[in-house]
2 protein chains.
Amino acid sequence: MPETARRTDRHSATRYGNRPTMKDVAARAGVGLKTVSRVVNGEPGVTPETEQRVQEAIDALGFRRNDSARVLRKGRTASIGLVLEDLADPFYGPLSRAVEEVARAHGALLINGSSAEDAEREQELGLALCARRVDGLVVIPAGDDHRYLEPEIRAGVATVFVDRPAGRIDADCVLSDNYGGARTGVAHLIAHGHRRIGFIGDMPRIHTAAERLRGYRAAMEDAGISVADAWMSLGVTVPERVRTAAEEMLSGPEPVTAIFTGNNRVTVTVIRVLAEHSRQVALVGFDDIELADLLRPGLTVVAQDSAALGRTAAERLFRRLDGILAGPERLELPTRLIARGSGELPPAD
Amino acid sequence: MPETARRTDRHSATRYGNRPTMKDVAARAGVGLKTVSRVVNGEPGVTPETEQRVQEAIDALGFRRNDSARVLRKGRTASIGLVLEDLADPFYGPLSRAVEEVARAHGALLINGSSAEDAEREQELGLALCARRVDGLVVIPAGDDHRYLEPEIRAGVATVFVDRPAGRIDADCVLSDNYGGARTGVAHLIAHGHRRIGFIGDMPRIHTAAERLRGYRAAMEDAGISVADAWMSLGVTVPERVRTAAEEMLSGPEPVTAIFTGNNRVTVTVIRVLAEHSRQVALVGFDDIELADLLRPGLTVVAQDSAALGRTAAERLFRRLDGILAGPERLELPTRLIARGSGELPPAD
DNA sequence: TAGAGCCTGGACAACGTTGTCACGAGCGGG
DNA sequence: CCCGCTCGTGACAACGTTGTCCAGGCTCTA
């Protein structure tokens, strides 16, 4: 049997373990290859006796269909990719989970990767997923140039951007109402008597940060308050920088009486600063935080629904895969102000 | 050109979009198929001029190698699977991220899925990943019978269980020291003068819950305290049940003066109950919680390092793939007691 | 200048699956 | 009794890639 021997050798050389194939099952059951395929896929046209023989062979050999081969033949992989910033961030966990649930409902698997807020890594990941021939891609942009995805989109990879818009290409995106949310949050502070309000946010090149700043400015303008430069601080959201920014706003001759924070990482740091601070300072944060209601005072936030973002994006992706949609569109989801105490504190002076 | 026409028809019928293949690139560049392959994979033996011609064709056509086909040919998929309970749970986010980082360091992609704490869904997911021919599998068990993975493991799928041990099969697993951690946490309460200490945990069929209960009992026994049945409550960790359990322990003629909570979901609910409660009750929770230091009093916890769990498991998986390891092993990672105030409160009476 | 050896490039088979098609058996109706 | 039909089954090609192997052209040396 040189044929068999050769085959075994090859296997033990290049793989680890010999997975049985349909050919093996067919040989054992004494039927043709296609008949096994029919049984495995539940296609009609097989007598019960034949089916049983095949099934027994499958069980005996521990056969499992190789989906890689199937995909190669069929074209669709029944999997979608998700590129996000950091799975460990509590904002993205629910988002990822929501995408997964929608994928599951459509019989698809989710492959996800973290870009670590690095544009190059985002691209690397997105393209790796395309090489795996995912049917669609949900991207939370880290970079601001997504032309690298153009050939993929043209080739039929349904692509939806979430949380931040796509850069330099025209594509579907699902965003929160960052501008409106920030505006509402700041207006809430103004309504409680504050006029000197600080804003601490992320780097302005990040779309969400820019939009939230725009909302802050709009709310201040609505109230006829002119904004001092010292009240605004934009930059990386590492604790050290945020801490310094907060302390500067709170000192000096005309300190702010309230702070609006641009995302959850900033909010947490500012809470720590305020806890060490003697004077009461009002605080409204963008993004909800677990246990926000257990703090004293409770934390008032502008909450975005990250699960809804994920769900909406994934649903749009599958509708696009089904060929129902026309041109790219931008969807905006509302935010919600949740008053818990910290945003309702009156000005201290 | 009937050949070309037919090919195009086929494509637009069964796929969406015509991805160019190496054949197309080869035709455009006027070289052979294998030469394109060599360029794409950076193999030696191609003159710079030829390479440039090929590269131009690749760019012009927007070609991207089809990894499905590659995998079929090569045997390894350079991807690993992760089956966990719920990505939205803050305990699993960092774990997943840690696994991803290790995978990335080994040039592999991570595919993950949530079992939603459902044994059937765990099996479905695990087998789907095997059908995709992942090289390895990290499983956080939901069910307690993993014999369904036996054929896969025999076939060479490196498998590591995390957080909870595998059921009814012999396999690698990486666990936290649940017993020791709980014992230390409860001993901490005893050291601060408590004798009537409650325990609220998850369903006892879950391994971690059983181990933590065992730790509780051991610490109590060490101190010569006999445990009343009313002090222990095991069951689903939905807020309603936990709330009821806590309130029962805190009422009656001999209420507990301290509570040890069996996981983060329980802890959060108990904090809420205690906040509404007049008498001071000490609390130590298993699992750390974000912002635990900002509560008043700060929350004392027995922290497990979920990222380390993931990292350790993934590293073991890749070492197994490299064929370095012998038999299955059980690794146990230490926990760490973090005192922040709530666990150091003295008994109220 | 001829022969040896090297380097580049291409033809071909194989990976495991599925779609197409054809074949043979059984059967009912003309 | 034969034609045509249905039904179960299997042979074969194709999906896009990579490993093997061979051919042809080049350089270098004797």
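- Distance from the side chain of B:R73 is smallest for D:dT18 among the nucleotides D:dC15, C:dT17, D:dT18.
- In this structure, B:T50 reaches the C:dG9 phosphate: one of its side-chain N or O atoms is under 4.0 Å from OP1 or OP2.
- Counting only heavy atoms from C-beta on, B:F63 has its side chain closest to D:dT17 among C:dT8, C:dG16, D:dT17.
- If you check every strand for non-hydrogen atoms under 4.0 Å, B:S68 touches nothing.
- When the nucleotides C:dG16, C:dT18, D:dT17 are ranked by their closest atom to the side chain of A:K74, C:dT18 comes out on top.
- Applying the side-chain contact (heavy atoms from CB on, under 4.5 Å) test between A:L87 and each of B:L87, B:V99, B:L110, B:L95 identifies B:L87 as the sole match.
- Which of C:dG19, D:dT9, D:dT18 sits closest to the side chain of A:E43 comes down to C:dG19.
- Contact annotation for A:V46: backbone-only contact, meaning every heavy-atom pair under 4.0 Å involves sugar-phosphate atoms and none involves a base.
- Side-chain atoms of B:T35 lie closest to C:dG9 of the nucleotides D:dT18, C:dG9, D:dG8.
- Over its full length, the helix from C:dT1-D:dA30 to C:dG30-D:dC1 turns its helical axis through 60°, comparing axes from the five pairs at each end and rounding to 10°.
- With hydrogens and angles disregarded, a donor-acceptor distance shorter than 3.5 Å links the side chain of B:R53 to the backbone of B:A29.
- Residue B:E51 is out of contact with every strand shown, counting any heavy-atom pair closer than 4.0 Å.
- With C:dT18, C:dT8, C:dG16 as the choices, the nucleotide that has an atom nearest any side-chain atom of A:N41 turns out to be C:dT18.
- Checking A:D67 against B:G32, the closest nucleotide of DNA chain C that is more toward the 5' end is the one next to B:G32.
- Across D:dG16, C:dT8, C:dG16, the shortest atom-to-atom separation from the side chain of A:T21 is found for C:dG16.
- Interface remark: the B:R38 side chain does form a donor-acceptor pair with the C:dG9 base, using a distance-only criterion of under 3.5 Å.
- At the heavy-atom level, B:V31 lies under 4.0 Å from the strands shown only through sugar-phosphate atoms.
- Considering only heavy atoms from C-beta on, B:R316 comes within 4.5 Å of B:L325 through its side chain.
- We find that A:D67 and B:R133 are not joined by a salt bridge, their nearest charged nitrogen and carboxylate oxygen being 4.0 Å or further apart.
- Nearest-nucleotide positions on DNA chain C place B:G45 closer to the 5' end than the other of B:G45 and B:A69.
- Look at A:R154 and A:E150 and you find no salt bridge, because none of the NZ, NE, NH1 or NH2 atoms lies under 4.0 Å from a carboxylate O.
- A side-chain contact (heavy atoms from CB on, under 4.5 Å) with B:L317 holds for exactly one of B:D172, B:V138, B:V174; it is B:V138.
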* For the pair A:R320 and A:E315, evaluate salt bridge (charged side-chain N to carboxylate O under 4.0 Å, His left out) and give the outcome as yes or no after the intermediate values. => CA-CA 9 Å; A:R320 188 162 284 288; A:E315 275 162 4; over 6 Å; no

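- The side chain of A:K34 approaches D:dG10 more closely than any other nucleotide in the set D:dG10, C:dG16, C:dT8.
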